[in-house]
Amino acid sequence: MDAGAQYNPRTVEEVFRDFKGRRAGMIKALTTDVEEFYQQCDPEKENLCLYGYPNETWEVNLPAEEVPPELPEPALGINFARDGMQEKDWLSLVAVHSDAWLLAVAFYFGARFGFDKADRKRLFSMVNDLPTIFEVVTGIAKKLPKEKSSVSNHSSSKSKSSSKGRSSESGKDSKAMQSKEEDEGLDEEEEEEHGDTLCGACGENYAADEFWICCDICEKWFHGKCVKITPARAEHIKQYKCPSCSNKRVRP
């Protein structure tokens, strides 16, 4: 439980890296390791907290003994409500408190090491580009990739899909102005549609100036650079399989 106290990030980039590591650990507890997490949160025990650490691990433990603690404390007593709520609702509640704790820790470091207004704004902007733990746990962050893949099951990017929309709407000169307006609306819709999509390789968000490609097998989206696919190469791929799906196919 003292892992956080042993590591003091001093720059915006270091604090953000610390934030992402702790966030990844807590997401594991509430998703992939949820059965183990559920069992550890025994309502018969004392006040328990969920801790996330910079090395992407998690721990359920008692709060720090010293007062005040080295770092802000997570929500106390998350185990007491475990058997009194639906599991889905309980996990969502823990997720919300986990999001609040992550921000508290990040801005604790910012205050401790004298981040100015510009640094605090940049840190929050970097944090805000990631979906919250609540959004991941409740499935909100997973809905957009599915919606996108239902629209286009082929390799695609924002720039490519936008150009297709423009070419289909601009057939007649008499409707040029209308087409322009529709295109602007399309771009806005696409920005909203892609906004919270996460790369299946690096876990980062969609960015409008980056090329993305969708796996036709698992329907996950990837940065082209993460899977070494260029827009030019994607044009010649009839069915794209990500590295993970490709490896599964060749296994005996």
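Residue numbers run from 1 in the order of the sequence given.
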Task: CD1 on Ile140 to OG1 on Thr132, rounded to 0.5 Å - done: 7.0 Å

Task: Value rounded to 0.5 Å, distance of CD in Glu210 from SG in Cys226 - done: 8.0 Å

- [ ] Evaluate whether atom CD of Glu35 has more than 12 neighbouring non-hydrogen atoms of other residues, nucleotides or ligands under 6.0 angstrom away.
- [x] no

Open item on the list: Within the structure provided, determine whether Pro63 and Pro69 are in side-chain contact (heavy-atom separation under 4.5 Å).
Closed with: no

- [ ] Indicate the atoms forming the closest heavy-atom contact of Cys214 with Tyr240, along with that distance.
- [x] O-CD2, 3.5 Å

TODO: Show the numbers, then the answer: is there a side chain to side chain contact (heavy atoms under 4.5 Å, CB included) between Cys49 and Leu76?
DONE: CA-CA 5 Å; Cys49 305; Leu76 297 175; 3.3 Å; yes

Task: Residue list, ring-ring contact (aromatic ring centres under 6.0 Å, His included) with His223, at least two apart or on another chain - done: Trp212

Open item on the list: Among Arg17, Lys121, Arg122, exactly one meets side-chain contact (heavy atoms from CB on, under 4.5 Å) together with Val12. Which residue is that?
Closed with: Arg122

Task: Closest non-hydrogen atom pair between Cys41 and Val60, with its separation - done: SG-CG2, 4.2 Å

Task: For Ala29 against Phe37, the heavy-atom pair lying closest together - done: O-CB, 3.2 Å

Task: Short side-chain to backbone donor-acceptor contact, Asp99 and Phe134, under 3.5 Å - done: yes

Open item on the list: I'd like to know if the side chain of Glu36 pairs up with that of Gln40 as donor and acceptor (distance under 3.5 Å, no hydrogens or angles considered).
Closed with: yes

Task: Residue pair Ala95 / Ile133: nearest heavy atoms and the distance that separates them - done: CB-CG2, 3.8 Å

Open item on the list: Please check: side-chain N/O of Glu135 versus main-chain N/O of Pro131, any donor-acceptor pairing under 3.5 Å?
Closed with: no

Task: Residues Glu44 and Arg82 bridged, charged N to O under 4.0 Å - done: no

TODO: Flag yes if more than 12 heavy atoms outside Glu46 fall under 6.0 Å of its CD atom; otherwise flag no.
DONE: no

- [ ] For Val127 and Phe19, work out which heavy atoms get closest and say how close.
- [x] CG1-CZ, 3.4 Å

Open item on the list: Salt bridge or not between Asp116 and Arg120? Use side-chain N to carboxylate O under 4.0 Å.
Closed with: no

Open item on the list: What I want to find out is whether Arg23 reaches Glu56 closely enough, with some N-O distance under 4.0 Å, to be called a salt bridge.
Closed with: no

- [ ] Measure the shortest side-chain to side-chain distance between Cys215 and Phe222 over non-hydrogen atoms and say whether it is less than 4.5 angstrom.
- [x] yes

Show me the side-chain donor-acceptor pairs of residues 102-115 shorter than 3.5 Å, one per line, residues at least two apart or across chains.
from, atom 1, to, atom 2, distance (Å)
Tyr108, OH, Glu70, O, 2.8
Tyr108, OH, Arg112, NH1, 3.2
Arg112, NH1, Glu70, OE2, 2.8

- [ ] Using atom types as modelled and distance alone, determine if a side-chain donor or acceptor of Thr57 lies under 3.5 Å from a backbone N or O of Tyr53.
- [x] no

Task: Exam field: side chain Trp101 to backbone Pro72, donor-acceptor pair closer than 3.5 Å - done: yes

Open item on the list: Rounded at 0.5 Å granularity, tell me how far CG in Leu91 sits from OG1 in Thr31.
Closed with: 9.5 Å

Open item on the list: If I take atom CE from residue Met126 and atom CZ from residue Phe16, how far apart are they, to the nearest 0.5 angstrom?
Closed with: 5.0 Å

Open item on the list: Less than 4.0 angstrom from a charged side-chain N to a carboxylate O is my criterion; do Glu204 and Lys20 meet it?
Closed with: yes

Task: With sequence neighbours excluded, residues passing ring-ring contact (aromatic ring centres under 6.0 Å, His included) with Tyr38 - done: Trp90

- [ ] Measure from the side-chain N and O atoms of Asp18 to the backbone N and O of Pro54, and report whether any donor-acceptor pair falls under 3.5 Å.
- [x] no

TODO: Output the distance between atom CG (Leu62) and atom CD (Glu73), rounded to the nearest 0.5 Å.
DONE: 10.0 Å

Task: Working for side chain to side chain contact (heavy atoms under 4.5 Å, CB included), residues Ile78 and His97 - done: CA-CA 9 Å; Ile78 58 173; His97 284 292; 5.7 Å; no

Open item on the list: Any non-hydrogen side-chain atom of Ile217 less than 4.5 Å from a side-chain atom of Gln239?
Closed with: yes

Task: Closest contact, heavy atoms only, Phe80 versus Asn47 - done: CE1-OD1, 3.1 Å

Open item on the list: Are the side chains of Asn61 and Leu48 in contact, using a 4.5 Å heavy-atom criterion?
Closed with: no

Task: Trp58 side chain near Asp33 side chain, heavy-atom distance below 4.5 Å - done: yes

Task: Sub-4.5 Å side-chain heavy-atom contact between Val227 and Pro243 - done: yes

Open item on the list: So, applying side-chain contact (heavy atoms from CB on, under 4.5 Å) with Val137, which one of Leu93, Val34, Ile27, Leu30 is it?
Closed with: Leu30

